[in-house]
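Input: a single structure, listed below in structure tokens.
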Amino acid sequence: MTIQPTLRKLLTIVCEAELENSLLREFAHHGVTGYTITEARGHGAHGTRDAAWPASANIRIEVLCEERVALEIVESLQEKFYQNFGMVSFLSDVQVLRPEKF
Amino acid sequence: MTIQPTLRKLLTIVCEAELENSLLREFAHHGVTGYTITEARGHGAHGTRDAAWPASANIRIEVLCEERVALEIVESLQEKFYQNFGMVSFLSDVQVLRPEKF
Amino acid sequence: MTIQPTLRKLLTIVCEAELENSLLREFAHHGVTGYTITEARGHGAHGTRDAAWPASANIRIEVLCEERVALEIVESLQEKFYQNFGMVSFLSDVQVLRPEKF
Amino acid sequence: MPFEPVILFFLLGLCAGLIRSDLKIPGVLYESLSIFLLLAIGLKGGVELARYPLMELALPGLIVVLVATLIPLTAFPLLHRVGRLPRADAASIAAHYGSVSVVTFAVASSFLAARGVSAEGYMVVFLVLLEFPALMIGVAIARRGSASAKWGPLLHEVFSGKSIVLLLGGLIIGWVAGADGIKPLDRLFFDLFKGMLALFLLEMGLVAAGRLADLRRAGPFLLAFATVMPLCAGLLGVVTANFLDLSVGGAVLLATLYASASYIAAPAAMRIAVPEANPAISIGAALGITFPFNLLVGIPAYHWLAIRLQGVI
Amino acid sequence: MPFEPVILFFLLGLCAGLIRSDLKIPGVLYESLSIFLLLAIGLKGGVELARYPLMELALPGLIVVLVATLIPLTAFPLLHRVGRLPRADAASIAAHYGSVSVVTFAVASSFLAARGVSAEGYMVVFLVLLEFPALMIGVAIARRGSASAKWGPLLHEVFSGKSIVLLLGGLIIGWVAGADGIKPLDRLFFDLFKGMLALFLLEMGLVAAGRLADLRRAGPFLLAFATVMPLCAGLLGVVTANFLDLSVGGAVLLATLYASASYIAAPAAMRIAVPEANPAISIGAALGITFPFNLLVGIPAYHWLAIRLQGVI
Amino acid sequence: MPFEPVILFFLLGLCAGLIRSDLKIPGVLYESLSIFLLLAIGLKGGVELARYPLMELALPGLIVVLVATLIPLTAFPLLHRVGRLPRADAASIAAHYGSVSVVTFAVASSFLAARGVSAEGYMVVFLVLLEFPALMIGVAIARRGSASAKWGPLLHEVFSGKSIVLLLGGLIIGWVAGADGIKPLDRLFFDLFKGMLALFLLEMGLVAAGRLADLRRAGPFLLAFATVMPLCAGLLGVVTANFLDLSVGGAVLLATLYASASYIAAPAAMRIAVPEANPAISIGAALGITFPFNLLVGIPAYHWLAIRLQGVI
Ligand SMILES: Nc1ncnc2c1ncn2[C@@H]1O[C@H](COP(=O)(O)O)[C@@H](O)[C@H]1O
Ligand SMILES: Nc1ncnc2c1ncn2[C@@H]1O[C@H](COP(=O)(O)O)[C@@H](O)[C@H]1O
Ligand SMILES: Nc1ncnc2c1ncn2[C@@H]1O[C@H](COP(=O)(O)O)[C@@H](O)[C@H]1O
Ligand code: NA
Ligand code: NA
Ligand code: NA
């Protein structure tokens with residue numbers, strides 16, 4: 001086997017679609033090199049968000065990065081957004097091939 | 001580092017879109033506090049589901065919860081839906097900040 | 001508890017939407033039994049892909065399979081697509097109920 | 001042409017699907033078009049309905065519904081005994097064929113309009129009435145003997161289903177607002193109707209192409225069923241229409257309602273109510289065979305029948 | 001009918017939502033329809049505008065905007081002091097009511113057109129002008145005393161927001177191209193306008209149904225506010241229109257602009273600029289109460305008022 | 001106005017993109033509009049085509065295609081030798097410019113219609129014929145010397161591609177159904193055509209705005225290429241049209257076909273067939289420069305040329 005997967009963190013954030021730009025600024029600030037977004041809907045402490053119109057749409061963002069960066073972002077999110085916005089985030093361990101990329 | 005991530009389970013279910021309401025009832029029954037849904041398509045034992053019309057659309061549901069709840073739900077899904085419906089589910093370990101929330 | 005989850009690998013690929021058919025052929029070649037696709041957008045080394053038109057759309061593909069197969073696919077992707085296409089892939093450990101299925 | 005030009009769009013979609021074109025109609029466009037069509041059909045019916053005393057429709061409506069129950073009640077034993085299909089599958093298919101296809105109805109209306117044949121405006125009411133009884137019958141048959149029948153959710157599922165809400169809602173709006181009130185909406189809902197139908201048929205062709213593979217597994221019995229059943233049901237429709245003194249146009253539409261198989265309301269309802277039935281079989285037959293069969297052969301045949309049998313009963 | 005038939009579509013959506021129908025308008029259709037409506041309103045306004053010397057609109061425009069600032073400036077103390085809502089919520093609601101609802105404006109235009117009442121073509125300019133000042137005021141009030149106000153991003157957010165870009169862009173295109181240049185586009189943007197509005201209202205009904213639950217938490221004060229405020233603002237609009245010598249139609253439209261509460265631009269802007277305000281409350285009031293109230297009661301009332309008060313000032 | 005009003009929508013989209021407005025056209029709306037436009041163009045062409053004996057088109061069709069191959073065959077050495085672009089990129093760009101832009105063609109048709117200039121109805125056939133040969137040439141050039149060329153999948157990709165299926169499908173439906181059969185569909189496909197084109201151009205403007213950044217990397221040679229190439233190709237088109245005795249309108253359309261660069265079929269085909277080519281460069285040039293250039297400068301220029309050179313050859 002020629003490939004050697006390396007461990008990285010996958011940070012997944014589910015939040016109100018309106019936060020997209022704010023989060024992208026946040027990522028840029030923490031030096032994140034990439035992210036992936038899918039449209040989502042859901043339910044949580046802030047009620048049901050059914051994506052029937054922009055005000056009730058969620059997005060689901062994934063960021064592959066080093067653990068340190070992931071924790072920094074999560075901490076910053078908690079401080080800035082957790083109180084006022086519908087938002088959930090979680091970290092998981094994933095293996096990647098090109099560790100220098102993330 | 002001020003934050004202390006706690007381990008929780010992430011239950012991911014991919015299934016026929018028509019099951020959405022049935023699954024939400026299931027979640028409510030197991031005391032789940034939230035979920036996230038994205039539209040999906042795919043392929044599996046029940047053939048290709050290309051989401052070209054409602055009868056061939058899938059959804060992908062994520063639930064963050066305690067391991068015990070996740071296992072209970074999976075068991076219940078297996079019993080009620082695995083036989084007759086296109087459905088796949090899997091569990092993974094994730095870290096969250098507000099363990100009391102999930 | 002009657003169920004005994006077994007470990008499998010979840011391979012997640014985020015790439016240009018135009019690669020869909022090429023990837024499905026790849027999967028078939030490696031004997032994959034199923035996959036799940038969601039529409040995505042994002043940002044990475046190949047710039048911002050905002051899904052405003054087909055040429056800038058991403059897809060996010062998930063494949064549940066054995067570790068060996070996952071590594072084979074990743075190796076093959078790296079060889080065939082990493083150089084010329086926007087593509088990111090990562091592996092994670094997940095628990096499934098019906099290991100024979102994946 | 002012996003058939004409606006809009007059918008060419010169905011054939012285009014079918015070809016595109018069969019040659020594995022990368023043409024894909026986004027699912028959202030499918031949903032938007034079906035919302036449009038259901039609403040437009042309802043509105044048109046509502047406007048027409050305003051011309052008739054509603055009470056006079058009660059008896060014909062009852063007769064039309066009662067006769068229609070013969071369709072699933074005949075189809076089930078045929079499929080189960082003769083065709084040797086499992087109970088659930090036979091019941092589900094019976095429900096699909098007992099219910100109606102809104103798009104086939106729309107194509108039949110176009111067919112008549114193109115030939116200058118008029119029809120009773122209240123046929124849309126029959127369309128609404130016929131949508132669900134067969135679904136109930138199908139579920140009742142499937143569950144016979146099992147105690148687990150929960151009718152509440154099913155009834156809610158059917159009556160609050162998208163197609164009933166839009167058809168009935170459109171009907172009421174058209175009836176309340178009347179031709180004059182609806183006039184500013186004509187440009188969208190009536191003038192564009194046929195074009196939208198063409199786009200929808202393009203999509204149905206693509207979907208149907210994907211269903212043809214399922215049919216190979218289904219075997220020759222189902223193929224025969226999916227073509228002979230509509231012809232018999234169509235004949236039943238023409239006869240019933242004659243009994244009710246409907247015009248030739250009305251007879252064609254009633255025949256089409258009886259002959260067509262649902263693939264909007266029925267698949268959704270059956271999937272939840274009779275989960276052990278395999279949807280590939282019922283949808284494959286309804287959409288893969290009966291739908292194109294009605295478009296290409298059935299509707300002209302019912303027209304021919306309606307003319308032949310006019311005044312016979 | 002006392003109200004516009006298109007409102008029936010709103011009621012249909014509302015009913016469908018309340019009976020928990022599986023009818024869902026895809027979010028993408030919502031967005032497409034709102035792009036269409038904003039652009040069409042802008043285009044129509046632009047074509048009309050070409051008939052007036054632009055300079056003459058400067059003074060009336062200024063007056064209309066200045067008077068309109070009274071709305072959020074009155075609403076805030078009412079909500080904060082009397083209603084005892086937190087500062088952020090009171091400010092956010094004040095901003096919603098100070099801004100305008102494009103769809104309510106469109107329904108009022110339909111209402112007038114159906115009655116053959118004409119209105120000044122440049123009312124769309126007022127629509128554009130009134131969209132954002134109240135948002136600024138709302139943010140300023142919410143942040144009073146806090147140093148963290150960043151106006152740059154907010155101004156950008158508002159002026160580059162979808163609704164301003166499409167309304168203003170449509171206005172300019174209509175103005176530049178003129179009635180003749182736009183003519184080939186009439187078939188889409190003008191002829192289909194009312195039908196599209198009907199579909200959009202169907203969707204708004206579904207959305208509003210989901211918001212009614214939020215209202216229970218809101219309490220009786222907010223319910224009263226959401227019906228009395230528009231009536232007062234509508235009266236203010238009629239009076240201002242008289243002062244500016246507008247026609248009866250113009251008075252109805254200005255009253256509607258003042259009375260309506262934004263739920264396209266305002267929710268998006270407030271969510272980011274005043275994050276501590278609970279959107280369920282402001283949207284619930286604006287969309288759950290005031291929007292249907294204006295459709296069913298408000299617009300006819302402003303019309304009545306405009307006729308009564310014509311020439312009084 | 002010197003240019004078509006629909007172009008204003010492109011400029012609006014471009015501005016909205018450049019000021020980073022939150023206006024976003026959903027990808028699904030883009031796809032729906034492109035399905036509509038391709039089908040409508042095909043239908044229109046098919047109806048017109050029914051008037052001509054098909055056989056007589058064979059020779060002109062062959063000539064038009066053969067002459068068109070000059071475009072990629074000239075563009076490649078220019079880009080590769082003079083512009084020093086890598087082989088793959090040069091080949092891919094050559095393919096884009098050798099193929100055609102359906103929307104530019106539509107705008108040119110509008111331009112002519114607005115000026116009352118008629119054109120041969122069968123130009124749509126040329127549009128279909130010109131779509132793919134250049135793609136083949138581009139791939140052949142890119143792969144010269146490499147043994148790994150797999151033509152099968154590429155041919156399938158191109159011939160079963162969305163744009164060919166819809167154009168050709170529309171053409172055949174229009175031809176089979178004829179003007180009378182299509183009439184009930186006119187309301188959607190013909191009356192709304194220009195409005196839909198306007199919406200599509202709005203979206204293209206937004207997309208193009210996002211591509212302008214890519215162009216900075218491209219350098220001055222590509223900028224020059226993307227404006228001079230269309231002018232030369234347009235001249236070639238006018239000359240060829242004269243040789244074939246086409247009308248002035250026909251000459252403008254052929255010039256536009258030659259001059260325009262594909263950004264629907266070509267990007268998709270090249271991405272898979274020549275993966276080592278950087279799509280940002282080819283799409284940036286085709287969509288960021290040549291498309292607006294043709295809209296604003298090219299089409300009027302080809303019109304001017306066509307009038308000047310009429311009867312010269
Ligand atoms: N337990 C959960 N599991 C998965 N997703 C969740 C969960 N709780 C909340 N979410 C998602 O996060 C969004 C915001 O959550 P909340 O802030 O709790 O309203 C919801 O709309 C859901 O999409
Ligand atoms: N091995 C797999 N990996 C990822 N997703 C799968 C896999 N198998 C099935 N799925 C998804 O689960 C759905 C239902 O699966 P099935 O019941 O196998 O038809 C499919 O349509 C896919 O979206
Ligand atoms: N660090 C990252 N985290 C999550 N997704 C990423 C990351 N980098 C790239 N992607 C996704 O992968 C796609 C292709 O990446 P790239 O090849 O780097 O352009 C991007 O458009 C993103 O959707
Ligand atoms: Na039937
Ligand atoms: Na207002
Ligand atoms: Na060209």
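So you know, we letter chains A, B, ... as the sequences are listed, proteins then strands, and number each from 1. What you are looking at is a predicted structure, and each value in this text was computed from that prediction instead of being measured.
Interface residue F:Leu39: only side-chain heavy atoms are found under 4.5 Å from chain D. Using a 4.5 Å cut-off between heavy atoms, D:Phe9 touches chain F through backbone and side chain atoms alike. Contacts of D:Leu197 with chain F are absent, with no heavy-atom separation under 4.5 Å from either backbone or side chain. At a 4.5 Å heavy-atom cutoff, the contact between F:Leu43 and chain D is made by side-chain atoms alone.
Of the listed residues (D:Val6, D:Asp22, D:Ile19), the one with the most heavy-atom contacts under 4.5 Å to chain F is D:Asp22. Highest contact tally toward chain D, considering only F:Gly170, F:Ser163, F:Gly161, F:Ala268, is held by F:Gly161 [criterion: heavy-atom pairs under 4.5 Å].
Residues F:Arg187 and D:Lys194 are not in side-chain contact: their nearest non-hydrogen atoms beyond the backbone lie 4.5 Å or more apart. Side-chain contact between F:Leu166 and D:Leu202 is present, with at least one heavy-atom pair separated by less than 4.5 Å. You'll find the side chain of D:Pro26 reaches within 4.5 Å of the side chain of F:Ile35, heavy atoms only.
Atom CZ of residue F:Phe36 and atom CG of residue D:Leu199 lie 8.0 Å apart, to the nearest 0.5 angstrom. F:Ile164 contributes atom CD1, which lies 12.5 Å from atom CG of D:Leu23 (distance to the nearest 0.5 angstrom).
Counting non-hydrogen atoms of other residues, nucleotides and ligands closer than 6.0 Å to NZ of F:Lys44 gives a total of 12 or fewer.
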Step by step, would you call D:Asp191 with F:Asp191 a side chain to side chain contact (heavy atoms under 4.5 Å, CB included)?
CA-CA 11 Å; D:Asp191 288 5; F:Asp191 289 4; over 6 Å; no

F:Glu31 vs D:Lys24, test: side chain to side chain contact (heavy atoms under 4.5 Å, CB included). Steps then yes/no.
CA-CA 9 Å; F:Glu31 286 175 59; D:Lys24 271 178 209 136; 5.6 Å; no

What verdict does the side chain to side chain contact (heavy atoms under 4.5 Å, CB included) test give for F:Val165 and D:Leu12, after you've listed the backbone C-alpha separation in whole Å, the side-chain angles of each residue and the deciding distance to 0.1 Å?
CA-CA 8 Å; F:Val165 164; D:Leu12 175 58; 4.2 Å; yes

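By a heavy-atom distance cut of under 4.5 Å, not one residue of residues 275-283 of chain F is near chain D.
In this structure, F:Ser160 contributes its side chain and D:Ser21 its backbone to no donor-acceptor pair below 3.5 Å.
Minimum interatomic distance between D:Leu192 and F:Leu192 (heavy atoms only, all atoms of both residues): CD1-CD1, 3.7 Å. For D:Ala198 against F:Phe189, the heavy-atom pair with the smallest separation is CB-CE1, 4.5 Å. A pairwise comparison of heavy atoms in D:Pro5 and F:Ala177 identifies CB-CB, 4.1 Å as the closest pair.
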